[in-house]
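A quick note: this is a predicted structure, and the numbers were derived from the prediction, not measured. By convention in this document, chain letters (A, B, ...) are assigned in the order of the sequence lines, proteins followed by strands, and residues within each chain are numbered from 1.
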2 protein chains.
Amino acid sequence: MFTRTTTNLSSNSEPLANCGAARLYEFSYRKGAEIYGEKEPAEYIYRVKTGAVRTYKLLSDGRRQIGAFHLVGDIFGSTSGDSHRFTAEAVVDTTLLLMKRQRLEVLAKADATLTRDLLNVAAKSLRHAEDHLLLLGRKDALEKVATFLLEMDERINSTGAMTLPMTRHDIADYLGLSLETVCRSLTRLSRMGALSLTGDTTQRKITILDRKQLRSLDLER
Amino acid sequence: MFTRTTTNLSSNSEPLANCGAARLYEFSYRKGAEIYGEKEPAEYIYRVKTGAVRTYKLLSDGRRQIGAFHLVGDIFGSTSGDSHRFTAEAVVDTTLLLMKRQRLEVLAKADATLTRDLLNVAAKSLRHAEDHLLLLGRKDALEKVATFLLEMDERINSTGAMTLPMTRHDIADYLGLSLETVCRSLTRLSRMGALSLTGDTTQRKITILDRKQLRSLDLER
DNA sequence: CGGGGGCTTGAGGCCACTCAACGATAGTGG
DNA sequence: CCACTATCGTTGAGTGGCCTCAAGCCCCCG
């Protein structure tokens, strides 16, 4: 919850955890539902309670670029500007906690820790975007998919076994590929022994078998 | 300067302009000189007084992705984290104004406007990065170059006539293309009548002749 | 004057794209 | 219960856009 789930209030591990003073709202979205649209005024900050969210931009001819996936615990919508630059949609059925921006800013005036938290949230988004620039601009398909799998594993549970909430189409639009290329890259990685693909359409399960091999494709220095 | 160049202190137009209280340093860099390296501790915030700066990431095999160009007046290095995520280099001979991060943070504690400025600077970087994601992931070569020219025109003087400080190679690494493709795209745009290329190697001058045509290639909705 | 850096253009190849077909599963309504 | 449809994933065939390699030009500088 934006709230006191945690005993550790050190601002790094759980930013905005100590905001009991602000009113919290909870809201549920069906799979595919829009949470906010590009250019809408940014009224709330959100935290994922259950489910997953994608934020994206569109070109006028329909090409889509997903900027980020937000998983359980993630905070998003912190556009430090008046209006959103992305559209946000529920990837699966999703519950969010939301908090009024304005209220948060008022609180931040009196609370230096909260201010720092807000800056940290912004900085984290920036870091992610910057890493993604390198991926989109300079990595080939196999490298993109390998990087994606390592990112998701780390963010879901780091066990190497994951059931992805998003479709191949979503992954493709996140990585700047076609969905067919995502498929082919996964099969290739599977054939290389780096991972195993099990489950059917509704339960896409991926298990990382050889993390080392994936890391060798994820060659940031 | 980070200083009082401006009479308008409204935080939107000239963030961090009112920091007379903080000590300012001035430093010059030769063309190609490194300003800071990836993973170095982030000690300063910078503002371009004259010249231009590129910030980039490298893959271990040498592929480079330029994240942003910083022109006169731009503020950069505001990694709200301990260390830099990019390397910064002077594109041409450059003079920077710098200010200690730590000092700035101390001042920000007492000054809500300054805090807001810092958030705004971070937000602006984020916005730029997010726009660039769309470009890198979903635009073709001609669209990338058209978008680039419109961005540069707007940031330099909006007159349609500009002398770019960066090389074709820099542009390529910014747009996720090869330098040859950048060349070919420029020639194509020139042949289409959208712009004119004049000057020699040392004075790369580009004049936009048909802004409408460029905009139709820059099809964000 | 020779060398190096930057820009342009051409030739050819490859990677990722499009188009297409097919299998599997879930949901819907007769 | 069973077509019927829609959605998602996988795989193949063929194409095309961008990359690589290469050559040549111009300008500056030692």
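Under a 3.5 Å cut-off, the side chain of B/T94 and the backbone N or O of B/V92 do form a donor-acceptor pair. No side-chain donor-acceptor contact under 3.5 Å links B/E154 to the backbone of B/E151. A donor-acceptor distance shorter than 3.5 angstrom exists from the side chain of A/T147 to the backbone of A/E143, with no hydrogens or angles considered.
Contact record, B/G193 with B/D210: O-CB, 3.9 Å, taken as the closest heavy-atom pair. Residues B/A90 and B/Y29 share a closest heavy-atom pair of CB-CB, 4.0 Å. Between B/A129 and A/L126, the shortest heavy-atom contact is CB-CD1, 4.3 Å. The two residues A/R63 and B/K139 come nearest to each other via the heavy atoms NH1-CA, 3.9 Å.
Taking the six-membered ring for Trp and thresholds of 30 and 60 degrees, A/H132 and A/H128 have nearly parallel ring planes, at less than 30 degrees apart. Ring pair B/H84/B/Y36 is parallel by interplanar angle, where below 30° counts as parallel and above 60° as perpendicular.
Shown here are the side-chain hydrogen bond (donor to acceptor under 3.5 Å, both in side chains) partners of A/R188, two or more places apart in sequence or in another chain: there are none.
With C/dA16, D/dA22, D/dG12 as the candidates, the nucleotide lying closest to the side chain of B/E180 is D/dA22. Listed nucleotides C/dT8, C/dT18, D/dC19 differ in distance to B/L197; the shortest reach to its side chain belongs to C/dT8.
Less than 4.0 Å separates DNA chain D from at least one heavy atom of each of the following residues of residues 159-176 of chain B: B/G176. If you check residues 182-190 of chain A against DNA chain D, the residues with a heavy atom closer than 4.0 Å are A/C183, A/R184, A/T187, listed by number.
Contact between the side-chain N/O atoms of A/T181 and the OP1/OP2 oxygens of C/dA16 is not found at any separation under 4.0 Å. At least one side-chain nitrogen or oxygen of A/R204 sits closer than 4.0 Å to the OP1 or OP2 atom of D/dG9.
Atom CZ of A/R138 and atom C1' of D/dT20 are 13 Å apart (whole Å). Between the C1' atom of C/dC14 and the CG atom of A/L142 lies a distance of 15 Å, rounded to the nearest Å. B/D140 places its CG atom 16 Å from the C1' atom of D/dT15, with the value rounded to the nearest Å. The NZ atom of B/K205 sits 17 Å away from the P atom of C/dC7 (whole-angstrom rounding). A straight line from NZ of B/K144 to C1' of D/dC19 spans 12 Å, rounded to a whole angstrom.
The salt bridge (charged side-chain N to carboxylate O under 4.0 Å, His left out) contacts involving residues 24-35 of chain B comprise B/E26-B/K49, where partners must be two or more places apart or lie in separate chains.
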I'd like to know whether A/F76 forms a side-chain contact (heavy atoms from CB on, under 4.5 Å) with A/L96, so could you lay out the CA-CA distance, the side-chain angles of the two residues, the decisive distance to 0.1 Å, and finally the verdict.
CA-CA 10 Å; A/F76 68 98; A/L96 300 180; 4.0 Å; yes

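Comparing the helix axis at one end of the helix from C/dC1-D/dG30 to C/dG30-D/dC1 with that at the other, each defined from 5 consecutive pairs, gives an inter-axis angle of 30° (nearest 10°).
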Please list, pair by pair, any protein nitrogen or oxygen found under 3.5 Å from a nitrogen or oxygen in nucleotides 28-30 of chain D.
none

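Between A/F148 and A/Y174, the distance from one ring center to the other falls under 6.0 angstrom.
Residues A/H70 and A/R47 fail the side-chain proximity criterion, which asks for heavy atoms closer than 4.5 Å.
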